[in-house]
Engineer: 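The structure is given below, and queries will be raised subsequently.
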Amino acid sequence: MSVPLDWIWGLLGGLMIGGAAVVMLLVNARIMGASGILAGLMQPGGQVFKERVAFALGLVGAPALVGLVWGAPETHASGNFLVLIVAGLLVGFGARLGNGCTSGHGVCGMSRFSLRSIVATCVYVGFGMIAVAVARHLLGVI
């Protein structure tokens, strides 16, 4: 009998995101927001740029390392490349429109009881649910 590990991967991922946010706040006295950090990669130069590069490498490298060591966990992500590109663009557009992403608003902002972050996170989750419903039930692409 095997024990499902989905919840353990989710727990570890959440702990890593929360830990990264705490380290960013304690070490750099800044709020962690992945979309802002990644957008900052378009403006090279300075110490902050090096930190952003390190963050981006960790963002990609940590899951890759986990996948290499323990194998990739089962995912429900679409294998349709066009769907992934459109979804990524919509997430990026929403993050810029909302002046932050789920890590900035959902993790850091909500933990500080920021009303703006609570509203932004509710909007993100709501539109995410609508997008999945449309993509799955109306378009049949996922």
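These numbers were taken from a predicted model, which means no experiment stands behind them. Scope of the values below: all heavy atoms of this structure, side chains included, with no hydrogens, waters or symmetry mates. Residues take their numbers from the sequence shown, with the count starting at 1.
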Engineer: Give the cluster check for F93 versus F127: same hydrophobic cluster or not, with ILVMFWY residues linked at side-chain heavy-atom distances below 4.5 Å.
Structural biologist: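 No: no chain of side-chain contacts under 4.5 Å links F93 to F127.
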Engineer: Got a list of side-chain donor-acceptor pairs under 3.5 Å for residues 116-124, not counting sequence neighbours?
Structural biologist:
from	atom 1	to	atom 2	distance (Å)
S117	OG	H105	ND1	2.9
S117	OG	S114	OG	3.4
T121	OG1	G106	N	3.4
T121	OG1	S117	O	2.8
Y124	OH	G100	O	2.2

Engineer: If hydrophobic clusters are built by linking Ile, Leu, Val, Met, Phe, Trp and Tyr wherever their side-chain heavy atoms come under 4.5 Å apart, do V132 and V141 end up in the same one?
Structural biologist: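 Looking at the clustering, V141 is in the same group as V132.
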Engineer: Should side-chain heavy atoms under 4.5 Å link Ile, Leu, Val, Met, Phe, Trp and Tyr, which residues sit in the same cluster as L59?
Structural biologist: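 Under the 4.5 Å side-chain rule, L59 groups with I17, M24, M32, I37, L38, L41, F49, V53, F55, L57, V107.
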Engineer: Identify the two heavy atoms, one from P63 and one from G58, that lie closest to each other, and give their separation to 0.1 Å.
Structural biologist: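 Looks like CD-O, 3.9 Å.
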Engineer: When hydrophobic residues are tied together by side-chain contacts of less than 4.5 Å, even through go-betweens, does L68 share a cluster with W70?
Structural biologist: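 The answer is no; the residues belong to distinct hydrophobic clusters.
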Engineer: Determine all donor-acceptor pairs shorter than 3.5 Å in which one atom belongs to a side chain in residues 78-90; sequence neighbours excluded.
Structural biologist:
from	atom 1	to	atom 2	distance (Å)
S78	OG	N80	N	2.9
N80	OD1	L82	N	3.0
N80	OD1	V83	N	3.3

Engineer: Do L25 and V22 belong to the same hydrophobic cluster, where Ile, Leu, Val, Met, Phe, Trp and Tyr are linked whenever their side-chain heavy atoms lie under 4.5 Å apart, directly or via other members?
Structural biologist: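 No.
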Engineer: Among residues two or more places apart or on two chains, list those pairs meeting salt bridge (Lys or Arg N to Asp or Glu O under 4.0 Å) that have a residue in residues 39-50.
Structural biologist: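 Sorted pair list comes back empty.
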Engineer: Connecting only ILVMFWY residues whose side-chain heavy atoms lie within less than 4.5 Å of each other, what is the rest of M129's hydrophobic cluster?
Structural biologist: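 V125, which link up through side-chain heavy atoms under 4.5 Å apart, make up the rest of the cluster.
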Engineer: If the condition is salt bridge (Lys or Arg N to Asp or Glu O under 4.0 Å), which residues does R30 pass it with, not counting sequence neighbours?
Structural biologist: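 Counting only residues at least two positions away or on another chain, R30 forms a salt bridge (Lys or Arg N to Asp or Glu O under 4.0 Å) with E51.
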Engineer: Same cluster or not: are V66 and L12 linked, directly or through other Ile, Leu, Val, Met, Phe, Trp or Tyr residues, by side-chain heavy atoms under 4.5 angstrom apart?
Structural biologist: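 Yes, because V66 and L12 connect within a single hydrophobic cluster, where side-chain heavy atoms sit under 4.5 Å apart.
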